[in-house]
Amino acid sequence: MEVLQFMIDNQEVIGERALEHLSIVFVAVAIAIATAVPIGVAITQSRLAADVVLYAASMLITVPSIALFGLMIPLLSPIGHGIGYVPAVIAVVLYSQLPIIRNTYTAIIDVDPALREAAIGMGMSTLQRLREIEIPLALPVIMAGIRTAVVMNIGIAAIAAYIGAGGLGTFISRGISQSDPRQLITGAIAVSLLAIAADLLLALVQRLITSAGIRREVEA
Amino acid sequence: MEHLTKIFGSRERGIVAVDDVSFELPKGEICVLLGPSGCGKTTTMKMINRLIQPTSGTVFIDGEDTSAVDPIRLRRSIGYVIQQIGLFPNKTVAENICVVPDLLGWDRRKARSRAVELLELVGMPPATFMDRYPKELSGGQQQRVGVIRALAADPPVMLMDEPFGAIDPINREIIQDEFLRMQGALKKTIIFVSHDLNEAVKMANRIAIFRNGRLEQFATPAELLARPANDFVANFLGSDRALKRLALVSVAEAMLTDFEIIHEDDPAARAEAALRASGLLALPMVDAEGRPSGMLAQGDVAQTQATAAECSRPVHATVQISADLRNAVALMFAQDMPVLPCVDQEGRLKGILTWRSIVRSLSVRGADS
């Protein structure tokens, strides 16, 4: 009851923090898409490159987020962004690489070789093949990677509150330091709801941008 | 004139997939590359559109060296059909058909109307099928779309890699017939890979038989069946190859025409004379319109007082002169008729088939070719 009352009393702050939170995650994931999708496509050309890149991205994701934030303080301090929004975004960009690269790579590698052969045999260039056939067919799996990245990073961004990046994590960190369960629970619930809502929204986007010709198979 | 000569010899230590193969295919003909799996027939085909680069040797299309052409431009000018069909699942039927026209930068409306035309050609109502996705088509329909997609930009040359391999036998026959009808009008130069001898005999103007990357024989189906070049080819064709040749000869080519026509009201004596002159066991009798109305056998015309009609037996079967000998022989077996009347579209008697005439026509063809 107390928690509910706290939520109602602090609606505006919660909204503000949620927006901060989303801005970290969405800006970062947008950057990550811009880097990871091309990387995922590029490494389909070489088995060795794929192994190296996927291994590196896997190592990256095993670094605990709190340690990554700590590492970035000395690295980014010279440009005046040791703490706050910028390191939070960078961390999320890095964590998003693995799910997006891996899904993009896997999805494109898994495109039916017969389709690839048909496309080449009909005279498509590599870029046309990617644009017309391989990326559209890989899209549902790439989107799944993006959704994984978003949901995972909504959780990680909560920790960014410790480096002053704001967001819903602020409620959690204050709840812990002030031994205030109301703030703690509010933060936790809000983060969860945000993750669920973002996932559903992206599922809708995925449906809209997937060709009707492959839609049913993917959802089945 | 169309020259398609391919010389390919691998000097590598690796596996020699195709070894020094040369042949020339006239424009507008279907050439079936035939052989057991791993014999190099598909590799040979893929070197034509340079999906596989020849180690050495040259392919000429219409006198032009294809290695001098940009491979992407080359492929857009060659229709390509693969066994797995390879329709793009993210594109509609119309979009699939328009892939090459779009790549060539055709006007959208022109490409669409081409798709309509092609769908009509294979009996798929465009209004129903244009906007469907491949998964909403049956196997046979997908195969048809796969073929017309390759025809979309009207390429003079088509490569087909076991295009009907994935279809059930009944539909395969239908699609083969449909395709031959289309080819009759389109006159494309077609390289067709198959491992099915019956399909090859049916479709091909010329057959190239491969083994271990070598071209064993390149010949017309009739020549191939009549005179296999070596034991491998003979074994591959099978000991029943004489029967397969039956499919290549039409009734009109094999029937006898130099016999006396017996009419219903002729006296039996005349019929008997005709029979004796022909040396056959039986002869057909015709009615006023020239249609076979009965069979007269040797023992039946002994009663010299009667007319031919009174001595005749019913005609169990006749065969169209446009049919092939396989059908005729099947009828002769099934109906136990050593003499089979051959009729035209209107049912008028044009000739007769006997076992001897069939054997003779096969041996004549063997000697000709």
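Please read these numbers as outputs of a predicted model, since none were measured by experiment.
Summarising the geometry of Val99(B) relative to Met124(A), their closest heavy-atom pair is CG1-CE, 3.4 Å, with the distance given to 0.1 Å. The shortest heavy-atom contact between Leu137(A) and Pro89(B) is CD2-CG, 3.5 Å. Shortest non-hydrogen contact noted between Gly123(A) and Leu103(B) is O-CD1, 3.7 Å.
The OG atom of Ser211(A) lies 7.5 Å from the CD atom of Glu95(B); values are rounded to the nearest 0.5 Å. Note: Ile135(A) CD1 to Asn90(B) CG = 11.5 Å, rounded to the nearest 0.5 Å. If you take CG on Leu87(B) and CG on Asp112(A), they are separated by 11.0 Å, rounding to the nearest 0.5 Å.
Proximity to chain A is limited to the side chain of Asn49(B), based on heavy atoms less than 4.5 angstrom apart. The parts of Glu132(A) that come within reach of chain B are both its backbone and its side chain, each placing non-hydrogen atoms under 4.5 angstrom from that chain. Heavy-atom distances place no part of Leu104(B) under 4.5 Å from chain A, backbone and side chain included.
For CG of Asn212(B), the number of neighbouring non-hydrogen atoms (other residues, nucleotides, ligands) closer than 6.0 Å is 12 at most. A 6.0 Å sphere centred on CG of Leu208(A) holds more than 12 heavy atoms belonging to other residues, nucleotides or ligands.
The choice from Val81(B), Ile72(B), Ile78(B) that makes the most heavy-atom pairs within less than 4.5 Å of chain A is Ile72(B). If you tally non-hydrogen atom pairs under 4.5 Å between each of Gln83(B), Arg73(B), Lys46(B), Arg50(B) and chain A, the highest count goes to Lys46(B). Most heavy-atom pairs under 4.5 Å with chain B, from the set Ala114(A), Gly121(A), Ala118(A): that is Gly121(A). Chain B forms the most heavy-atom pairs under 4.5 Å with one residue out of Glu117(A), Met122(A), Gln128(A), and that residue is Met122(A).
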Go through the steps to decide whether Ile133(A) and Lys91(B) satisfy the test side-chain contact (heavy atoms from CB on, under 4.5 Å), and finish with yes or no. CA-CA 9 Å; Ile133(A) 313 299; Lys91(B) 292 178 179 287; 3.8 Å; yes
